[in-house]
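First the structure, in the form of structure tokens, and then the observations on it.
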Amino acid sequence: MSTVDVVPLVDEGLGNSAYLVDLGDGRALVVDVSLDLRAARHAAGRRGLRLAFAADTHLHADFVSGARQLAVTDGARVLASAAGHREYTHDGLHDGDETDLGGLRLRALFTPGHTHEHLSFLLLDGDAPVGVFTGGSLIVGAAARTDLVDPARTGELARHQYASLRRLATLPDEVAVWPTHGAGSFCSAPPGARRTSTIGTEKATNTLLRAENEDAFAAALLESLGSFPSYFRELADTNRRGVVLPGDPTLPRLDVDRVRALCAGGAVVVDARPAADFAAGHLPGALSNPLRPAFASWLGWLVPSGRPIVVVRGADQDPAEIAWQAVKIGRTDLAGELHGGLDAWTAAGHPVRRTPVVSPAGIGRRPVLDVRQDGEFAAGHLPGARHRELGSLDPRELPKEPLVVMCGHGERAMSAASLLEQAGHREVAVLTGGPADWARATGNPLVTGT
């Protein structure tokens with residue numbers, strides 16, 4: 001039995017796992033690590049390891065890879081698919097190529113589907129397969145989406161995904177499955193799924209692996225595809241070029257006059273404080289995006305690229321965390337933060353806007369807008385509620401009338417309310433809690449389906 005030490009590094013906000021492998025000689029391999037290298041460096045430092053290899057299973061769409069950064073700052077050797085045509089120094093691998101890790105070996109398996117150039121990496125201890133880093137190919141209980149490369153190739157790549165999963169299923173049952181995408185990922189991992197598995201478990205439980213043929217597999221996979229953040233279309237090219245930061249990202253301090261000038265020039269104010277604090281008072285036109293694990297995804301989805309970002313945060317919120325969350329999805333357009341926060345703004349005599357909040361029992365007869373994802377809405381919603389996913393919300397489609405916005409807990413609803421306020425809606429309130437809270441408070445049942 002192999003005793004190889006593989007450490008998952010979970011990013012709950014992106015729903016992804018990177019992995020650190022102790023190579024047993026003071027060196028380490030990291031797989032699918034993001035540009036936010038803090039967790040990888042911490043895990044390596046605790047074990048006294050040097051990050052010597054960085055492997056990427058594919059050109060990531062949901063985060064910026066840290067592979068090129070490690071090559072420059074740590075001298076790491078980058079392993080990636082030759083078909084990805086990366087524009088920086090790396091070992092371009094083809095199917096069957098092996099890399100000697102110093103006792104352990106890493107074998108490239110061509111597994112297209114999630115992307116056209118996707119590799120899985122089989123980790124071998126001697127001749128014994130220990131586990132396979134499956135990236136966005138075989139994931140726990142499912143397979144990752146195939147519509148990120150080119151909408152016109154979605155069906156073609158779904159059929160490639162079918163062949164790739166069948167190939168992986170030929171590995172021994174005891175081989176560990178270490179996917180990148182997991183619960184919370186917009187790359188189609190089932191909610192609540194475990195993050196790692198084995199080949200045998202997936203053969204027994206993964207319904208896509210048990211599809212009777214290619215057509216059935218493709219139909220089931222494509223039916224499961226939901227929406228995804230718009231910035232996913234941009235990051236594959238970013239990762240093809242590779243990113244190197246000149247230093248740790250920061251939030252420069254901006255005084256009130258500088259913030260006003262930036263806003264006049266088209267900057268976006270992103271308020272990272274909790275939703276309740278935003279409701280109590282915020283800069284007119286600010287976008288509410290509370291700092292939480294999902295902060296980066298919604299930042300990339302709701303703020304158009306190329307527009308400078310001014311951050312408003314609470315005194316107890318870490319500016320470094322906000323900056324790292326932004327750069328790991330390619331947002332290097334952070335102008336800085338409002339020094340002194342909202343207090344500085346009001347002390348300078350500038351107005352604030354407030355957003356009312358209502359309890360589940362206080363909705364009354366006002367129309368309700370539910371901004372959760374399609375699957376969440378179908379699982380249970382308030383009778384008569386309108387539905388628009390937050391990521392596709394267009395305030396121009398909604399009449400400017402009294403409206404209560406809701407989601408599961410309030411964060412996304414406050415983001416939606418801030419977008420509506422930007423568009424001139426003035427009678428918008430946010431529901432505290434979600435549909436289950438409303439059902440408990442009113443004693444009324446939820447409606448399922450769309």
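Side-chain atoms of Thr432 and Ser359 include no donor-acceptor pair closer than 3.5 Å. Counted by atom type alone, His60 and Ser65 present zero donor-acceptor pairs between their side chains at under 3.5 Å. Of the N and O atoms on the side chains of Asn16 and Asp62, at least one donor lies less than 3.5 Å from an acceptor on the other residue. Checking His114 against His181 by side-chain atom types alone, a donor-acceptor pair falls below 3.5 Å. A donor atom on one side chain and an acceptor atom on the other are not found under 3.5 Å apart for Ser415 and Ser418. For the 3.5 Å distance criterion, the side chains of Glu202 and Ser197 qualify, holding a donor opposite an acceptor.
Between Pro252 and His339, every side-chain heavy-atom pair lies at or beyond the 4.5 Å cut-off. Contact of the Val64 side chain with the Val327 side chain is not registered, since no non-hydrogen atoms from C-beta on lie closer than 4.5 Å. Side-chain contact check for Ser17 versus Thr180: every heavy-atom pair is 4.5 Å or farther apart. Annotation: side chain of Ser137 is in contact with side chain of His118 (closest heavy-atom distance under 4.5 Å). Using a 4.5 Å heavy-atom threshold, the side chains of Leu393 and Leu398 count as touching. Looking at heavy atoms from C-beta onward, Tyr231 lies out of side-chain contact with Phe63 at the 4.5 angstrom threshold. Residues Pro229 and Trp298 have side chains not in contact (no heavy-atom distance under 4.5 Å, counting atoms from C-beta outward). Within the 4.5 Å cutoff, side-chain heavy atoms of Ile322 are placed close to those of Arg313.
With sequence neighbours left out, Phe228 forms a ring-ring contact (aromatic ring centres under 6.0 Å, His included) with Phe232. Judged as a ring-ring contact (aromatic ring centres under 6.0 Å, His included), and not counting sequence neighbours, the contacts of Phe133 are Tyr19, Trp178.
Classification of Arg258 and Asp255 as a salt-bridged pair fails, no side-chain N sitting under 4.0 Å from a carboxylate O. Using a cut-off of 4.0 Å between Lys/Arg side-chain N and Asp/Glu carboxylate O, Asp370 and Arg388 are scored as not salt-bridged. Salt bridge status for Arg386 with Glu401: present, with a side-chain N to carboxylate O gap under 4.0 Å. Remark: Arg50 does not engage Asp74 in a salt bridge, criterion side-chain N to carboxylate O under 4.0 Å.
Distance check: Asp91 CG to Arg86 CZ gives 11.5 Å after rounding to the nearest 0.5 Å. Between the OG1 atom of Thr115 and the CG atom of Asp150 there is a distance of 13.0 Å, given to the nearest 0.5 Å. Atom OG1 of Thr346 is separated from atom CG of Leu283 by 9.5 Å, given to the nearest 0.5 angstrom. Annotation: the span from Arg412 atom CZ to His409 atom NE2 amounts to 7.5 Å, rounded to 0.5 Å. In this structure, the separation between CG on Leu254 and CG on Leu262 is 6.0 Å, given to the nearest 0.5 Å. Residue Arg331 holds its CZ atom at 4.0 Å from CG of Asp333, rounded to the nearest 0.5 Å.
No donor-acceptor distance shorter than 3.5 angstrom exists from the side chain of Glu337 to the backbone of Val312, with no hydrogens or angles considered. Side chain of Glu389 to main chain of Asp374: a donor-acceptor pair is present (N/O by atom type, distance under 3.5 Å, no hydrogens or angles). Arg153 contributes no side-chain N or O that, together with a main-chain N or O of Val149, makes up a donor-acceptor pair within less than 3.5 Å. Side chain of Thr154 to main chain of Pro151: a donor-acceptor pair is present (N/O by atom type, distance under 3.5 Å, no hydrogens or angles). Proximity of a side-chain donor or acceptor of Gln317 to a complementary backbone N or O of Gly314 within less than 3.5 Å is detected. Between the side chain of Gln69 and the backbone N or O of Leu245 there is at least one donor-acceptor pair closer than 3.5 Å. Asp11 contributes a side-chain N or O that, together with a main-chain N or O of Leu14, makes up a donor-acceptor pair within less than 3.5 Å. Checking side-chain atoms of Arg260 against main-chain N and O of Asp257 turns up no donor-acceptor pair under 3.5 Å. Of the possible polar contacts, one joining the Arg68 side chain to the Arg241 backbone as a donor-acceptor pair under 3.5 Å is found. Checking side-chain atoms of Arg41 against main-chain N and O of Leu51 turns up no donor-acceptor pair under 3.5 Å.
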Should Asp56 and Asp32 be marked as a side chain to side chain contact (heavy atoms under 4.5 Å, CB included) after you check the CA-CA gap, both sets of side-chain angles, and the distance that decides it? CA-CA 5 Å; Asp56 270 348; Asp32 286 345; 3.5 Å; yes
Show the numbers, then the answer: is there a side chain to side chain contact (heavy atoms under 4.5 Å, CB included) between His90 and Leu93? CA-CA 9 Å; His90 65 287; Leu93 303 179; over 6 Å; no
Start with the C-alpha gap between Arg38 and Glu321, add the side-chain angles, then the distance that decides, and say whether salt bridge (Lys or Arg N to Asp or Glu O under 4.0 Å) holds. CA-CA 10 Å; Arg38 291 175 299 171; Glu321 181 62 26; 2.8 Å; yes
How far apart are the C-alpha atoms of Glu421 and Arg354, what are their side-chain angles, what is the distance that settles it, and do they pass the salt bridge (Lys or Arg N to Asp or Glu O under 4.0 Å) test? CA-CA 10 Å; Glu421 289 175 359; Arg354 295 174 177 83; over 6 Å; no
Quick one, Leu9 with Val7, criterion side chain to side chain contact (heavy atoms under 4.5 Å, CB included). Give me CA distance, side-chain angles, the key distance, then yes/no. CA-CA 6 Å; Leu9 306 171; Val7 182; 4.2 Å; yes
Could you walk me through whether Asp271 and Leu287 pass the side chain to side chain contact (heavy atoms under 4.5 Å, CB included) test, one step at a time? CA-CA 6 Å; Asp271 195 319; Leu287 169 70; over 6 Å; no
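Closest of all the heavy-atom pairs between Pro179 and Thr196 is CD-CA, 4.2 Å. Looking at every heavy atom in both residues, Ala417 comes nearest to Val430 through CB-CG2, 3.6 Å. Scanning both residues, Leu251 and Pro319, for their nearest heavy atoms gives CD1-O, 3.7 Å. Closest approach of Ala142 and Leu165 over heavy atoms only: O-CD2, 4.4 Å. Contact between Leu446 and Ala436 at its shortest, heavy atoms only, is CD1-N, 4.4 Å. Residues Trp324 and Asp248 share a closest heavy-atom pair of CZ2-OD1, 3.5 Å.
Heavy-atom neighbours of His42 NE2 from other residues, nucleotides or ligands within 6.0 Å: at or below the threshold of 12. Taking a 6.0 Å sphere around CD of Glu87, one finds it holds more than 12 heavy atoms contributed by other residues, nucleotides or ligands. Counting non-hydrogen atoms of other residues, nucleotides and ligands closer than 6.0 Å to CZ of Arg46 gives a total of 12 or fewer. The environment of Arg253 atom CZ is sparse: at most 12 non-hydrogen atoms of other residues, nucleotides or ligands sit within 6.0 angstrom.
Screening residues 263-287 for ring pair (Phe, Tyr, Trp, His ring centres under 6.0 Å) gives Phe278-His282 as the qualifying pairs, with residues at least two apart or on separate chains.
None of Leu369, Val357, Ile363 except one satisfies the side-chain contact (heavy atoms from CB on, under 4.5 Å) rule with Val404; the exception is Ile363.
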